[in-house]
Asker: 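Before we start, here is the structure in question, set down as structure tokens.
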Amino acid sequence: MSRPLSRVVIVGSSLAGLQAAESLRAAAYAGHITMVGEERHAPYDRPPLSKQLLSGSWDPGRTRLRPGDAIDGLGLDWRLGLAAVALDPERRQVRLADGSVEDYDAVVIATGTTPRQVPNPLRLSGIHTLRTLDDAVALRTALDAEPRVVVVGGGFIGAEVAAEARRRSLPVTMVEALPVPLSRGLGSRLGQMCADLHVAQGVHLRCGVGVSGFEGDGRLERVALSDGSVIPADLAVVGIGSEPATAWLESSGLTIADGVVCDPFCRASRPGVYAAGDVARWRNPLFDEVVRIEHWTNAREQAAAAIATLLADHGLGPEPAPYAPVPYVWSDQYGRRIQVAGRTVGAEEVTVVHHEPDNGSTLALYRFGARLGGVAGINASRRLLPFRTMIAARVGWDQALAAAAA
Ligand SMILES: Cc1cc2nc3c(=O)[nH]c(=O)nc-3n(C[C@H](O)[C@H](O)[C@H](O)COP(=O)(O)OP(=O)(O)OC[C@H]3O[C@@H](n4cnc5c(N)ncnc54)[C@H](O)[C@@H]3O)c2cc1C
């Protein structure tokens with residue numbers, strides 16, 4: 001017989017955590033839900049942090065994920081500004097930083113990621129990362145002082161910061177260890193198109209080189225590169241990826257391997273423990289590939305899937321389906337929307353099926369074996385969406401090319 005469900009603890013009060021709470025209430029679960037969040041803010045959205053908030057077109061309040069009355073309507077027991085520091089799956093308890101303990105029948109881990117850092121042994125000011133609302137407000141204030149900017153890392157967040165700094169006409173150098181920025185997400189061909197766009201907008205691009213250190217007297221004055229060159233700078237933004245926030249789970253006995261390892265139903269390795277969002281790793285049956293996905297859409301979809309499993313495990317819902325999403329991410333740079341669906345890394349063939357030189361609208365398909373595995377577009381939303389559906393339907397490469405030609 002399944003265990004009764006009267007206490008759920010959600011750790012991580014952001015996108016996946018809020019979705020988990022909303023899915024529980026939508027399924028008419030009326031029991032107790034404790035929401036534990038390290039940040040003191042009500043749940044807010046991260047994509048605008050590197051876009052509308054950084055540009056100043058939105059104030060911080062506009063990033064809130066739900067209005068106050070919708071949040072109140074969920075009837076949650078909030079523990080904000082308090083980190084979870086340990087999980088005991090035997091006793092079914094979460095311990096918080098103030099020493100208090102939360103008992104649970106089921107716990108959802110939705111603690112996301114924390115940014116990787118470049119060592120800053122001199123503790124210089126002027127070196128930023130961008131993950132939280134507080135980070136974004138601090139970075140916006142720093143940009144207002146019109147600094148010379150170095151962006152370390154040419155991924156989506158670094159590229160969005162570079163675009164905003166250029167919109168402000170600030171001098172910007174982007175340093176990327178790979179030969180082509182954005183190539184991790186887009187592959188080298190579309191990555192190069194985006195690189196050309198950054199260069200055309202005045203970004204100094206330094207590829208194939210890393211940062212060896214930050215120099216200055218109290219404040220950042222120079223960024224030293226691994227090839228011996230030095231870039232004068234007042235502000236560095238480090239966007240070199242992130243690590244799953246699992247340090248607090250060290251003593252839990254859960255299987256952790258670059259994230260909380262889950263089965264295809266979002267169950268972690270001990271009974272009563274589920275995980276979703278940026279922190280969760282599992283084998284995606286759609287591609288038979290072990291992944292951890294750091295995208296907005298996945299955080300919501302996976303949290304909903306985790307709750308479906310949680311309810312089923314307690315006899316409160318139908319048998320869940322394995323979680324088999326088509327990953328999807330977007331990024332906005334210089335007024336262009338970049339979108340990727342499916343997978344691109346390791347593609348055996350990339351075919352550009354649409355390109356309009358005048359406005360840069362571009363669509364590329366990514367082949368894995370005989371199947372369409374991914375699609376990426378620049379200003380091509382309408383064209384991209386049908387391919388997203390085709391990836392979910394596991395269509396063959398030839399069929400995808402035929403659809404593109406039509
Ligand atoms: C600047 C920025 C821009 C982005 N832009 C895009 C975009 O354009 N498109 C896109 O698809 N994706 C984008 N993303 C990614 C997207 O926002 C994330 O995939 C999404 O936020 C993941 O949600 P999550 O709930 O899993 O994790 P998070 O949003 O990281 O939330 C995790 C929460 O858990 C809290 N937490 C961590 N440890 C503990 C602990 N021990 N105890 C209690 N609480 C804890 C954290 O403080 C945080 O509030 C962006 C991300 C950033 C940072």
Side-chain angles (χ1 to χ4, degrees), residues 9-22 34-54 63 65 78-87 94-98 100 102 107-116 128-140 153 155-161 163-164 185 237-239 241-250 252 259-260 266 275-281 292-304 306 325 327-333 336-341:
V9 174
I10 299 171
V11 186
S13 57
S14 189
L15 188 61
L18 181 64
Q19 179 63 54
E22 290 180 335
T34 304
M35 178 74 92
V36 181
E38 187 173 37
E39 296 184 71
R40 63 195 157 80
H41 303 291
Y44 63 86
D45 214 7
R46 286 177 213 276
L49 302 185
S50 50
K51 306 174 184 70
Q52 296 90 338
L53 191 111
L54 214 52
T63 63
L65 277 165
W78 293 89
R79 298 275 194 277
L80 291 187
L82 258 186
V85 293
L87 175 76
V94 176
R95 189 148 51 80
L96 308 189
D98 64 354
S100 62
E102 294 289 334
V107 61
V108 180
I109 298 171
T111 46
T113 59
T114 50
R116 275 193 210 115
H128 293 246
T129 51
L130 178 51
R131 181 78 198 171
T132 67
L133 182 56
D134 294 345
D135 292 341
V137 170
L139 180 56
R140 181 167 84 183
F156 283 134
I157 290 180
E160 290 183 356
V161 172
E164 168 55 21
V237 184
V238 178
S242 48
E243 310 276 0
T246 52
W248 67 284
L249 295 166
E250 250 164 38
S252 67
V260 177
C266 313
D278 285 13
V279 76
R281 172 175 284 274
R292 188 173 60 72
I293 298 177
E294 297 182 8
H295 304 337
W296 190 94
T297 308
N298 181 66
R300 294 201 59 194
E301 293 177 352
Q302 196 170 21
Y328 169 75
V329 65
W330 78 93
S331 172
D332 296 330
Q333 298 163 33
R336 298 191 185 196
R337 171 146 293 198
I338 300 165
Q339 293 165 296
V340 184

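These figures come from a predicted structure and were not determined experimentally. For ligands, and for the atoms within them, numbers begin at 1 and follow the listed sequence.
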Asker: For atom 39 (C) of ligand 1, grab the closest protein heavy atom and report residue, atom and distance to one decimal in Å.
Answerer: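 For this ligand atom, the closest protein heavy atom is T111 CG2, 3.4 Å.
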Asker: State the atoms of ligand 1, each with its element, that fall below the 4.0 Å cut-off from a heavy-atom position in L15.
Answerer: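 That gives atoms 23 (O), 25 (O) of ligand 1.
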Asker: Geometry only, no angles: is Y328 polar-contacting ligand 1 at N/O separations under 3.5 Å?
Answerer: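 Min N/O separation from ligand 1 is not below 3.5 Å for Y328.
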Asker: Where is the nearest protein heavy atom to atom 11 (O) of ligand 1: which residue, which atom, and how far?
Answerer: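 Scanning the protein heavy atoms, the shortest distance from atom 11 (O) of ligand 1 goes to W296 N, 3.1 Å.
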Asker: Specify side chain, backbone, both or neither for W248, according to which of its non-hydrogen atoms lie closer than 4.0 Å to ligand 1.
Answerer: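 Under 4.0 Å from ligand 1, W248 contributes side-chain atoms alone.
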Asker: Counting non-hydrogen protein atoms only, what is the nearest one to atom 7 (C) of ligand 1? Give residue, atom name and distance.
Answerer: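 Sorting protein heavy atoms by distance from atom 7 (C) of ligand 1 puts W330 O, 3.3 Å first.
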Asker: Give yes or no for whether the N/O distance cutoff of 3.5 Å, strictly under, is met between T297 and ligand 1.
Answerer: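 No, T297 has no N/O under 3.5 Å of an N/O on ligand 1.
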Asker: Between K51 and D332, does any NZ, NE, NH1 or NH2 come within less than 4.0 Å of an OD or OE carboxylate oxygen?
Answerer: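 K51 and D332: not salt-bridged.
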Asker: Taking atom 53 (C) of ligand 1 as the point of reference, which of D135, L130, L49, I293 owns the nearest heavy atom?
Answerer: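 That would be L130.
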Asker: Restricting to non-hydrogen atoms, name the atom on D98 and the atom on S100 that form the minimum distance, rounded to 0.1 Å.
Answerer: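 Where D98 meets S100 most closely, the heavy atoms are OD1-OG, 2.6 Å.
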Asker: If you measure only the distance, is there a donor-acceptor pair under 3.5 Å linking the side chains of E102 and T34?
Answerer: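 Side chains of E102 and T34: pair found under 3.5 Å.
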Asker: Quick one: pull up CH2 in W296 and CG in D278 and give me the separation to the nearest 0.5 Å.
Answerer: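 Reported value, rounded in 0.5 Å steps: 12.5 Å.
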Asker: Just by distance, no angles: are the side chains of E294 and S242 close enough, under 3.5 Å, to form a donor-acceptor pair?
Answerer: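 A donor-acceptor contact under 3.5 Å links the two side chains.
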Asker: Hey, does A84 come in under 3.5 Å of ligand 1, counting only N/O atoms on both sides?
Answerer: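 Yes: some nitrogen or oxygen of A84 is under 3.5 Å from one in ligand 1.
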Asker: What atoms of ligand 1 come closer than 4.0 angstrom to any heavy atom of V11?
Answerer: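 Counting from 1, the qualifying ligand atoms are 42 (N), 43 (C).
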Asker: In terms of side-chain heavy atoms, does S331 have a donor or acceptor partner in Q333 at a distance below 3.5 Å?
Answerer: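 Yes, a side-chain donor-acceptor pair sits under 3.5 Å.
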Asker: Would you say V329 and ligand 1 have an N/O pair spaced under 3.5 Å apart?
Answerer: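 No; every N/O pair is 3.5 Å or more apart.
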Asker: Going by heavy atoms in the side chains, are Y44 and T132 under 4.5 Å from each other?
Answerer: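 In short, these two side chains touch, coming nearer than 4.5 Å.
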Asker: Side chain or backbone of E38 under 4.0 Å from ligand 1, or both, or neither, by non-hydrogen atoms?
Answerer: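 Near ligand 1, E38 shows its backbone as well as its side chain.
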Asker: With a cutoff of 4.0 Å, is H41 in contact with ligand 1, counting heavy atoms of the residue only?
Answerer: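 Not so, H41 does not reach ligand 1.
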Asker: Hey, is V279 touching ligand 1 through its side chain, its backbone, both or neither, going by heavy atoms under 4.0 Å?
Answerer: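 Answer for V279: neither.
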Asker: For G277, counting its heavy atoms only, list the atoms of ligand 1 lying under 4.0 Å from any of them.
Answerer: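 This gives 26 (O) as the contact atoms.
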Asker: Which option wins on minimum heavy-atom distance to atom 25 (O) of ligand 1: A16, G239, A20?
Answerer: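 Going through A16, G239, A20 one by one, A16 has the nearest heavy atom to atom 25 (O) of ligand 1.
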Asker: Considering R131, Q19, R46, which one's heavy-atom position lies nearest to atom 48 (C) of ligand 1?
Answerer: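 Comparing heavy atoms across R131, Q19, R46, the nearest one to atom 48 (C) of ligand 1 lies in R46.
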Asker: Can you check whether S13 has an N/O within less than 3.5 Å of an N/O in ligand 1?
Answerer: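 Between S13 and ligand 1 (N or O atoms, distance only) the closest approach is not under 3.5 Å.
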Asker: With no hydrogens and no angle check, just 3.5 Å: does a side-chain donor-acceptor pair link R131 and T113?
Answerer: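 Result is yes, a qualifying pair exists.
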Asker: Could you go through R46 and S14, starting from their C-alpha distance and side-chain angles, then the distance that decides it, and tell me whether this counts as side-chain hydrogen bond (donor to acceptor under 3.5 Å, both in side chains)?
Answerer: CA-CA 9 Å; R46 286 177 213 276; S14 189; 3.2 Å; yes
Asker: Does some side-chain heavy atom of L133 sit less than 4.5 Å from a side-chain heavy atom of T63?
Answerer: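 Yes. Closest side-chain heavy atoms under 4.5 Å.
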Asker: Could you tell me if H41 and D134 have a donor-acceptor pair between their side chains, going purely by distance under 3.5 Å?
Answerer: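 Looking only at side-chain atoms, H41 and D134 do form a donor-acceptor pair, the distance falling under 3.5 Å.
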Asker: Atom 15 (C) of ligand 1: which protein heavy atom is closest, and how many Å away?
Answerer: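 So the nearest neighbour among protein heavy atoms is E294 O, 3.8 Å.
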Asker: What atoms of ligand 1 come within less than 4.0 Å of a heavy atom belonging to A83?
Answerer: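 Reading through ligand 1 atom by atom, the close ones are 42 (N), 43 (C).
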Asker: Strictly below 4.0 Å, N to O, side chains only: are E164 and R140 in salt-bridge contact?
Answerer: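 Salt bridge between E164 and R140, a charged N being under 4.0 Å from a carboxylate O: no.
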Asker: Taking all non-hydrogen atoms of both residues into account, name the closest pair between G12 and M35 and its distance.
Answerer: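 Shortest heavy-atom separation between G12 and M35 comes out as O-SD, 3.8 Å.
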Asker: Using a 4.0 Å heavy-atom threshold (strictly under), name the region of A110 that reaches ligand 1: side chain, backbone, both or neither.
Answerer: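 Answer for A110: backbone.
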Asker: Is the closest side-chain heavy-atom distance between Y328 and Q339 below 4.5 Å?
Answerer: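 Yes. Closest side-chain heavy atoms under 4.5 Å.
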Asker: Suppose we measure from atom 8 (O) of ligand 1 to each protein heavy atom; which comes out shortest, and what is that distance?
Answerer: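 In this structure, atom 8 (O) of ligand 1 has K51 NZ, 2.6 Å as its nearest protein heavy atom.
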Asker: What pair of heavy atoms forms the shortest contact from T129 to D135, and how long is it?
Answerer: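 Smallest interatomic distance, heavy atoms only, reads O-CB, 3.4 Å.
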Asker: For atom 49 (O) of ligand 1, grab the closest protein heavy atom and report residue, atom and distance to one decimal in Å.
Answerer: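 Heavy-atom neighbour on the protein nearest atom 49 (O) of ligand 1: E39 OE2, 2.7 Å.
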Asker: Atom 23 (O) of ligand 1: which protein heavy atom is closest, and how many Å away?
Answerer: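 Atom 23 (O) of ligand 1 sits closest to the protein heavy atom A299 CB, 3.5 Å.
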Asker: If we only count heavy atoms from C-beta on, is the L49 to L54 side-chain gap below 4.5 Å?
Answerer: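 Side chain of L49 against side chain of L54, heavy atoms only: no contact under 4.5 Å found.
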Asker: Going by distance only, is there an N or O of D278 that falls short of 3.5 Å from an N or O of ligand 1?
Answerer: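 Min N/O separation from ligand 1 is below 3.5 Å for D278.
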Asker: In this structure, does ligand 1 have an atom that sits under 4.0 Å from one of the heavy atoms of I157?
Answerer: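 For ligand 1, residue contact (heavy atoms, under 4.0 Å) with I157 is present.
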Asker: Considering only the protein, which heavy-atom contact is closest to atom 14 (N) of ligand 1, and what is its distance?
Answerer: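 Scanning the protein heavy atoms, the shortest distance from atom 14 (N) of ligand 1 goes to P47 CG, 4.3 Å.
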